[in-house]
Enquirer: 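Structure incoming, see below.
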Amino acid sequence: MNAKLSPGLSHDDLDAFWMPFTANRQFKSNPRLLAKAQGMHYWTADGREVLDGVAGLWCVNAGHGRREISAAVAKQLDTMEFAPTFQMGHPIAFELASRLAGLAPPGLDRVFFTNSGSESVDTALKIAIAYQRARGHATKTRLIGREKGYHGVGFGGISVGGIVNNRKAYSANMIPGVDHLPHTLDIEHNAYSRGLPQWGAHLANELERLVALHDASTIAAVIVEPISGSAGVILPPVGYLKRLREICDKHDILLIFDEVITGFGRVGAPFAAQAFDVTPDLMTTAKGLTNGAIPMGAVFAHRKVHDAFMHGPEHLVELFHGYTYSAHPAACAAALATLDIYAREGLLTRAAALASRWESAVHSLKGLPHIIDIRNYGLIGAVELEPRAGKPGTRAFEVFLKCFERGVMVRQTGDTIAMSPPLIIEPAQMGKIVEVLAAALRDTA
Ligand SMILES: Cc1ncc(COP(=O)(O)O)c(C=O)c1O
């Protein structure tokens, strides 16, 4: 596809990089190399413009090439490239935590920094278990995830996650004491729902069944994505998340929202917790926090969770957990500059204003070949294709390739084409995404 690789790079030079979540041999025989980005667009190594329909990987929420962010990072690197946060601190880490606390749902005003979504998830799971222990409920260690859930690739995340390919090679190595709720994707009842599906709130009652099976005295926390991205955009039925919250409260179980993709404006509010009016006890975030410029994640903890640790002798470390690069100065600088842009341009709520146009654009694809469902919320869209017999995922992969050839980047997971454009998208660009996707679908057997 990029017949000419970038200057100085030959096909042989592609060998050493073992690429993540990639069919390495297939990719390297036909590489897709991105070389430059600005606004809503990438440019390939051979100079073709590509409209970014997925905000990089759901993370470049303010669009590409934001000079305030790169300038803030450069300035910070020149001033102090690194400072430890174990028994030391640096001012902008505290400033950033306070700014984030101000954006969060009520009560979630204590922030633990990580470097990725996976680290945020494993951090939140560890905090949940340690919290139960800290308040004298040491038997509450079990974690409940959900089928089709994606919570990154750490051992904690794949254990509570529910995507078979991420789990099967490690089935004997999962962390113990995990169970799963059923997923909420039901095409039979909910195909072509606009926004949240009406059917399925009762699926949250399955948590009561798991409590009856294991007993609440053994369960530390439930973790779900308010909207799943990686398994193909799965939406919570109306009332589902509220019901989960009620059952968790009833049985004194923590509720964790994994907001790695829904955080920072994707659903029309700073966080899905606010959009859906359901407040979790812990919230994991990463994508969008620095506009993708520097890796960073953050776990938001309810003050009651945090305060349960603040007992005992004051000279003792309360939580034996942290990363060398927690609150890395360059990442903090990037995040502060990103939050400034979000505030100045109203990006954390812009998706709400664009949602109905986006919904109409995405649902206009109904009736095109192979489509069996279309889903949307905020600035998220998904088109589900009928899988080819015996070859799951191949049809959607072909559609993804054809879109890329025609200048639009979408994302393929299984037989779903997912879209999550930067929050600066304009209506004409929505039109282009849909037009190119339609042409690709018409062209695909
Ligand atoms: C809901 C959710 N949690 C966790 C992760 C993992 O994040 P990372 O790839 O930054 O480790 C992702 C990544 O897509 C995600 O969608």
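Just the heavy atoms: all of them, side chains too, but no hydrogens, waters or symmetry mates, feed the values below. As the structure lists them, so they are numbered: ligands from 1, and atoms in each ligand from 1.
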Enquirer: Under the side-chain contact (heavy atoms from CB on, under 4.5 Å) rule, what do Val299 and Val111 come out as? Steps first, then yes or no, please.
Expert: CA-CA 6 Å; Val299 179; Val111 181; over 6 Å; no
Enquirer: In terms of side-chain geometry, is the basic nitrogen of Asp277 or Arg245 positioned less than 4.0 Å from the acidic oxygen of its partner?
Expert: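 Between Arg245 and Asp277 there is no salt bridge, as every charged N stays at least 4.0 Å from the carboxylate O atoms.
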Enquirer: How about His328 and Tyr323: are their ring centroids closer than 6.0 Å?
Expert: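 No; Tyr323 has its ring centre 6.0 Å or more from that of His328.
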Enquirer: Around Phe82, counting heavy atoms of other residues, nucleotides and ligands shown, do more than 12 lie under 6.0 Å from its CZ?
Expert: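 Yes, the 6.0 Å shell around CZ holds more than 12 heavy atoms from other groups.
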Enquirer: Sort out the contact shell of ligand 1: every protein residue with a heavy-atom distance below 4.0 Å, listed by chain and number.
Expert: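 Ligand 1 is contacted, at a heavy-atom distance under 4.0 Å, by Ser116, Gly117, Ser118, Tyr150, His151, Gly152, Glu225, Ser230, Asp258, Val260, Ile261, Lys287.
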Enquirer: Do Tyr377 and Phe276 have ring centres separated by under 6.0 Å?
Expert: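 Close enough - the centres of the two rings lie under 6.0 Å apart.
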Enquirer: Are Phe113 and Tyr325 close enough that their ring centers fall under 6.0 Å?
Expert: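 Between Phe113 and Tyr325, the centre distance exceeds or equals 6.0 Å.
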